[in-house]
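So the structure is just underneath, and the comments pick up after that.
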Amino acid sequence: MLDIRLYLLQRLSALVMAPLVIGHLAVMIYAIQGGLSAAEILGRTQGSFAWATFYGTFVIAVSVHAAIGLRVIAHEWLGLGARALSVLTWIAFLVLVWMGVRAVWAVTAPGGVA
Amino acid sequence: MSSTDTRMKVSVWRGDHEGGEFQIFDVPAQDSQTVLDVVAWIQQNDDPTLSYRFACRVGMCGSCAMMVNGQPRWTCRTHVKKVLKDNCIEIGPLRNLPVIKDLAADMDPFFEKWVKAEGVFHPSKTRNDQIEEIDPASVQRVKADAGIECINCSVCYASCDTVAGNPDFLGPAALNRAWTLYNDSRDAGSRKILDAVSGAGGCHNCHSMGSCAHFCPNGLNPMDAIAGLKRATAAAFFRRRT
Ligand code: SF4
Ligand code: SF4
Ligand code: FES
C-alpha cells in the first residue's frame, strides 16, 4: 500500500525531521539547564519568524511522516482497503497539522494568543 | 540413531482451502532421514491419501517446501535430526498461500506475482544477432549473479510477514527476480521492471526485516535485492522529473 510517491514522501519527511529533532532536543536541554521560565521562553518565541518556521516545518514533516506510517499499519493490521486507507491517511495528516499548527501558533503568535 | 525401532510423532496438516486439522502419525526414525522422507513414508505406508508435492529430491526444483515446526523449509534437504523436538515434528503447507490439499499449497499467486513484477525475460536481441559476450566479473553481472540461483521454492514468500499483512505485496522472490533481470545486460526491460515494482504492492512495502534472507535455503538475500530496487526506483523517479 506504499507506492513510490508515498515511500519517497515518507523518506524525505524523515530527512527533514532528523535535524529538527536534534535541534528540538538541544533547545529543550538548553532551556532547562539555563533555568528559563515559561515567560522567558515565550518572550523569545512570540513574534519570532525563525521559531515559527522551525516548528512549522517540524509539524508538516511529522504530519506527513506519521500519516503514511499509520496508513501502513492500518493496512497490514486492520486490512483496510485502498479507499479507506486514503481517507485515513488524509484525516491523520490534517488532524496532526491542525494540532501542530495550533501549538506553534500558541507560542509564536506576536503578542501572544489571547 | 540407526535402528528402525525408534519412532517419531509426526503431526501433519490435513485439509483444504476451507480448513483442516493436524493428524498425528507414528513414523519410524531412520538414518539420514529428511522431512520429505518422513512425508513419503506416511503416504506410502500409512495413508495413501496424503497429498504433497516434490520432484527432484536434491534441492533443485523448489517444489517440496513446507512449514516444518512453523518455519518454511525445503523438506528434501532438511534433515529430521535438525528439526526433531522432543521426538516430534509438525509439518504443514506453506504459509501465505492457499492450500490445495494437505501439504500441497497453491503456488499460482506466487508465480502470478513474478509476472506482475516483470520477473520475465525481455529479450534485447533476435536469433540473428551475435551471441553477446558477458564478462562474469563485471560489476553489473556480479549483482545479477547474486540472486540468480533462486529455485522458486517460495520459502521466502512464506516467511515474509509483509506478504501476510499485505496480500498485494509482490514478495521477496518476485522482487529478487526483477532485480536480477534489471542487472542483466541482456534484458531490455529495465524501465518496465522499475514501473512494475513501484506500484501499490511494490518493493517499497518491504520492511527490511530480513526473514527472506534468513530462510532462503540457497543463501540468497532478496532483502538486499529489494534495497537495490528501492534505490534504483528512487533514482529513476527524480531522473524522470528533471
Ligand atoms: S525483508 Fe522484505 S521481502 Fe524480506 S521477509 Fe522482510 S518484508 Fe518480506
Ligand atoms: S529467493 Fe530463495 S527462498 Fe525465495 S524462492 Fe528463491 S530460492 Fe526460494
Ligand atoms: S524436491 Fe526439489 S527442491 Fe526439494
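So you know, we letter chains A, B, ... as the sequences are listed, proteins then strands, and number each from 1.
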Side-chain heavy atoms of B:Ser154 within contact of B:Leu97, under 4.5 Å: yes
I'd like to know if B:Asp161 pairs up with B:Arg95 as an ion pair, taking the criterion as any Lys NZ or Arg NE/NH1/NH2 lying under 4.0 Å from an Asp or Glu carboxylate oxygen. yes
Side-chain touch B:Leu94/B:Tyr157, heavy atoms, less than 4.5 angstrom: no
Using heavy atoms and a sub-4.5 Å threshold, report which of residues 187-204 of chain B line up against chain A, by residue number. B:Ser198, B:Gly199, B:Ala200, B:His204
Are A:Asp3 and A:Leu6 packed together at the side-chain level, in the sense that at least one heavy-atom pair is separated by less than 4.5 angstrom? yes
Student check: side-chain heavy atoms of B:Asn69 and B:Ile89 closer than 4.5 Å: yes
Measuring only between side-chain heavy atoms, which start at C-beta, is B:Leu181 closer than 4.5 Å to B:Glu118? no
Here the pair of heavy atoms bringing A:Leu88 nearest to A:Ala74 is CD2-CB, 3.6 Å
Is there any residue in residues 208-224 of chain B with a non-hydrogen atom under 4.5 Å from a non-hydrogen atom of chain A, and which ones are they? none
Do A:His24 and A:Phe54 have ring centroids that are under 6.0 Å from one another? no
At a heavy-atom separation under 4.5 Å, does B:Asp168 approach chain A through its side chain, its backbone, both, or neither? side chain
Closest approach of A:His65 to A:Ser13 (non-hydrogen atoms, all atoms of both residues): ND1-OG, 3.2 Å
Report yes if the side chains of A:Gln46 and A:Val107 come closer than 4.5 Å at any heavy-atom pair, otherwise no. no
Should B:His207 and A:Val72 count as side-chain neighbours, where that means a heavy-atom distance under 4.5 Å? yes
Which atoms of B:Phe169 approach chain A - backbone, side chain, both or neither, heavy atom under 4.5 Å: neither
At a heavy-atom distance under 4.5 Å, which candidate from A:Gln10, A:His75, A:Arg5, A:Arg11 has the highest pair count against chain B? A:His75
